[in-house]
Structure formats: C-alpha cells, structure tokens
Amino acid sequence: MANGPVVLSSASPDETRAIGERIGAALAPGSVVLLRGPLGAGKTVLAKGIARGLGIEDEIISPTYTIVADYPGRIPLAHVDLYRVEGATQIANLGLDDLLAGPGVTVVEWGEKLEPTLRGRGAVRVTISLEPDGGRLIVVEGLAS
Ligand SMILES: Nc1ncnc2c1ncn2[C@@H]1O[C@H](COP(=O)(O)OP(=O)(O)O)[C@@H](O)[C@H]1O
Ligand SMILES: [Mg+2]
C-alpha cells in the first residue's frame with residue numbers, strides 16, 4: 001500500500017466493489033483492514049470486493065449478528081462487523097488477537113472501534129463517506145506499525 005492517503009471516488013456499488021478488489025489483490029497475508037463510515041456507506045460492498053481480490057469465490061454476507069465470518073481463499077479472510085460491539089472490554093472478549101496475529105486477512109467494519117487496541121500493529125484504514133450527489137468518497141491510508 002502507498003504511504004500517503006489515496007483518495008478515490010465511487011459513483012456506484014460496482015465501482016466500490018472494484019476498488020475493494022484492487023485493495024484485496026494488493027494485500028499480504030496477515031493484513032488488517034479497518035473500514036470506517038456510517039451505516040449504508042458501503043463497507044460491506046467494499047468487503048465483498050476485497051474478498052474477490054483475495055480470490056474468494058464464496059458469497060460474502062454481512063456478519064453483523066455473527067460478528068466474525070471466515071472464508072477460505074488464496075489468503076483466508078475473516079470478515080468482522082463491530083456494529084453491535086461497544087467498549088474495550090467487549091472488544092477484548094471477542095478474542096480477536098489470535099485472528100489479528102494469524103496469517104489470514106482481517107477486514108473489520110466499524111474498524112475505528114478496534115484502533116485503540118491495535119497497539120501499534122500496522123493496518124490499512126479505509127474511510128468511506130457519502131457525497132452530496134450520492135457517490136462515495138473512499139480514502140485509503142496506511143496506519144504505521
Ligand atoms: N457508490 C456506492 N458504493 C457503495 N454502496 C453504494 C454506492 N451507491 C449506493 N450504494 C448502496 O449503499 C448501500 C451500502 O450498503 P452496505 O455496503 O451494506 O453499507 P455498510 O456496510 O457501510 O453499512 C448498498 O445498498 C449499496 O447498493
Ligand atoms: Mg456492513
């Protein structure tokens with residue numbers, strides 16, 4: 001991933017998926033991707049693209065109720081959704097440390113909730129915001145390890 005932030009705009013879910021696919025294709029084993037943005041921003045759409053970029057054929061569904069969903073692939077993917085998880089204790093109780101330290105790629109929706117506990121682990125942060133015309137602004141940046 002580039003060092004400075006990369007700013008992209010997406011006019012459709014397909015474009016967001018394609019951006020995710022490019023991100024996924026560039027990820028190394030063990031990468032952590034934190035997705036930020038309001039409900040309906042397109043985090044799950046982007047995660048589907050990332051999965052495709054990792055060579056995952058399975059359909060990705062939002063893991064809101066399961067919190068973590070695992071998918072086998074060239075690099076295995078753990079798709080995490082922290083929407084319903086609040087506070088450092090609840091986050092710690094999920095036992096994500098092993099996942100984050102493992103060889104797979106971890107993509108985290110509502111990833112800002114995990115940032116305080118990353119403790120200097122490098123990550124890719126993707127922030128999605130809605131533009132007045134209904135498009136999405138997508139900012140991709142590396143968090144230093
Ligand atoms: N440019 C765009 N990128 C992504 N999603 C878009 C875009 N334009 C419209 N949408 C719609 O917004 C919704 C995003 O949903 P989702 O990915 O589940 O959001 P989140 O996971 O952030 O809550 C989908 O219904 C999608 O069709
Ligand atoms: Mg979602």
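Atoms within a ligand are numbered from 1 in the order they appear, just like the ligands themselves. These numbers come from the heavy atoms of this one structure, side chains and all, not from hydrogens, waters or symmetry mates.
The shortest N or O to N or O distance between A41 and ligand 1 is under 3.5 Å. Between L39 and ligand 1, no N or O atom pair is found at a separation short of 3.5 Å. By the 3.5 Å distance cut-off applied to N or O atoms, G42 is counted among the residues near ligand 1.
Heavy atoms of P38 approach ligand 1 to within less than 4.0 angstrom. Using a 4.0 angstrom heavy-atom cutoff, G40 counts as in contact with ligand 1. Contact annotation: P13 has at least one heavy atom less than 4.0 Å from an atom of ligand 1. Not a single heavy atom of E15 sits closer than 4.0 Å to an atom of ligand 1.
Put simply, atom 23 (O) of ligand 1 has protein non-hydrogen atoms near it, under 4.0 Å away.
With hydrogens and angles disregarded, no donor-acceptor distance shorter than 3.5 Å links the side chain of R125 to the backbone of E112.
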**Item:** Full working for side-chain contact (heavy atoms from CB on, under 4.5 Å) between T117 and L96
**Value:** CA-CA 10 Å; T117 59; L96 295 177; over 6 Å; no

**Prompt:** Passes side-chain contact (heavy atoms from CB on, under 4.5 Å), L143 versus E115? Steps please.
**Reply:** CA-CA 10 Å; L143 294 183; E115 283 192 25; 4.0 Å; yes

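Of all atoms in ligand 1, numbered sequentially from 1 with element shown, those under 4.0 Å from a heavy atom of A11 are 1 (N). Shown in contact with E109 at under 4.0 Å from a heavy atom are these atoms of ligand 1, numbered in order with element: 21 (O). Interface of K43 with ligand 1, defined as ligand atoms under 4.0 Å from a residue heavy atom, comprises 17 (O), 19 (O), 20 (P), 21 (O), 22 (O), 23 (O).
With salt bridges taken as basic N to acidic carboxylate O contacts below 4.0 Å, one links E86 and K113.
Using a cut-off of 2.8 Å, one finds that Y83 contributes no N/O/S atom close to the Mg ion (ligand 2).
Considering all non-hydrogen atoms of both residues, K43 and R36 come closest at CD-C, 4.1 Å. Here the shortest heavy-atom pairing between L130 and A41 reads CD1-CA, 3.9 Å. Across all their heavy atoms, A101 and R121 have their closest contact at CA-NH2, 3.7 Å.
The residue among L46, V45, L130, I128 with a heavy atom at the shortest distance from atom 17 (O) of ligand 1 is V45.
The closest protein non-hydrogen atom to atom 9 (C) of ligand 1 is R136 NH2, 3.5 Å. The protein heavy-atom contact nearest to atom 3 (N) of ligand 1 is T16 OG1, 2.5 Å.
Shown are V80, V85, D81; of these, the side chain to side chain contact (heavy atoms under 4.5 Å, CB included) with W110 is made only by D81.
By the criterion of a heavy-atom distance under 4.0 Å, both the backbone and the side chain of T44 are placed next to ligand 1.
The same ILVMFWY cluster, assembled from side-chain heavy atoms under 4.5 Å apart, contains both V68 and V32.
Distances from the Mg ion (ligand 2) to the N/O/S atoms of E109 are shortest for OE1.
Side-chain contact between L114 and I91: present, with at least one pair of heavy atoms (C-beta onward) separated by less than 4.5 Å. At a threshold of 4.5 Å between non-hydrogen side-chain atoms, the residues D14 and R17 count as touching.
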